[in-house]
Amino acid sequence: MTAAFLAAMISAALAGGGFEVVIPGRPGVPIIINGVDASYAVVEGVWGLGKGNQVAPTIYGGRYVDPLPSVGRYYPSAGQTPGYGRLEIEPPENRALPRPAESYHQSWSVQSAPLPAQSSVPVDPPAIIYAPQDYRGTPPPNVPR
């Protein structure tokens with residue numbers, strides 16, 4: 001019984017070096033490994049978070065991904081039509097021009113409200129209130145003993 005249990009433990013420990021089929025978790029989002037799109041491809045190699053080493057995996061059936069895709073540019077002054085996108089139509093020079101737009105102007109401003117006039121001395125100053133002294137357990141000052 002112990003030998004069977006030990007054999008099962010050893011076979012489970014050695015099972016991590018096989019191959020895996022990569023299936024993306026979300027359609028349309030590629031799985032990129034070392035610049036190769038590994039979506040729906042076979043990946044072979046011992047690698048991952050559980051291993052203490054970094055081994056470059058072998059990918060069968062993947063395709064290379066260009067990190068900076070070359071996109072065409074369209075400059076109307078060059079006189080070339082774009083390879084894709086909307087069709088730019090240059091209007092003829094002797095066409096009827098639309099009437100000019102009416103003038104429009106809008107502005108915004110912000111300012112603080114003016115402060116009221118202040119006098120340097122209050123008109124009705126508050127009364128002065130003296131706080132009582134607390135002489136618990138000691139005689140008041142300037143009192144003979």
Side-chain angles (χ1 to χ4, degrees), residues 1-138 140-141:
M1 185 79 132
T2 306
F5 180 73
L6 221 93
M9 294 288 289
I10 291 173
S11 66
L14 296 175
F19 64 90
E20 302 291 331
V21 176
V22 178
I23 299 176
R26 179 182 267 175
V29 178
I31 306 294
I32 308 294
I33 300 174
N34 296 339
V36 177
D37 181 9
S39 301
Y40 305 104
V42 176
V43 178
E44 180 183 45
V46 180
W47 61 293
L49 296 175
K51 306 297 178 189
N53 55 2
Q54 293 289 331
V55 177
T58 306
I59 302 170
Y60 300 103
R63 60 182 181 87
Y64 288 102
V65 177
D66 188 12
L68 298 172
S70 57
V71 295
R73 309 292 197 270
Y74 173 59
Y75 300 104
S77 62
Q80 297 174 352
T81 59
Y84 59 92
R86 68 178 192 214
L87 180 61
E88 296 286 338
I89 299 174
E90 298 291 338
E93 293 181 11
N94 58 357
R95 70 184 186 278
L97 296 175
R99 60 185 179 92
E102 62 186 47
S103 65
Y104 176 79
H105 178 74
Q106 188 172 6
S107 67
W108 293 268
S109 66
V110 175
Q111 70 182 38
S112 300
L115 296 174
Q118 295 180 354
S119 63
S120 58
V121 178
V123 178
D124 187 18
I128 297 175
I129 301 172
Y130 293 101
Q133 300 294 324
D134 186 15
Y135 298 109
R136 291 184 215 165
T138 60

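The figures here come from the full heavy-atom set of this structure, side chains too, leaving out hydrogens, waters and symmetry mates.
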Smallest heavy-atom separation, Ala41 atom then Gly61 atom, equals CB-C, 3.9 Å

On a heavy-atom basis, which atom in Ser39 and which in Ile31 lie closest, and how many Å separate them? OG-N, 3.1 Å

Residue list, side-chain hydrogen bond (donor to acceptor under 3.5 Å, both in side chains) with Tyr60, at least two apart or on another chain: Glu44

What residues form a side-chain hydrogen bond (donor to acceptor under 3.5 Å, both in side chains) with Tyr104, not counting sequence neighbours? Gln106

Check side-chain contact (heavy atoms from CB on, under 4.5 Å) between [X] and all other residues, then give those that pass, not counting sequence neighbours.
X: Pro92; value: Asn94, Arg95
X: Ile128; value: Tyr130
X: Ile32; value: Pro30, Asp37, Val65

Please tell me if the side chains of Tyr40 and Ile23 come closer than 4.5 Å, counting only heavy atoms from C-beta onward. yes

Flag if over 12 foreign heavy atoms under 6.0 Å of CG, Leu97: yes

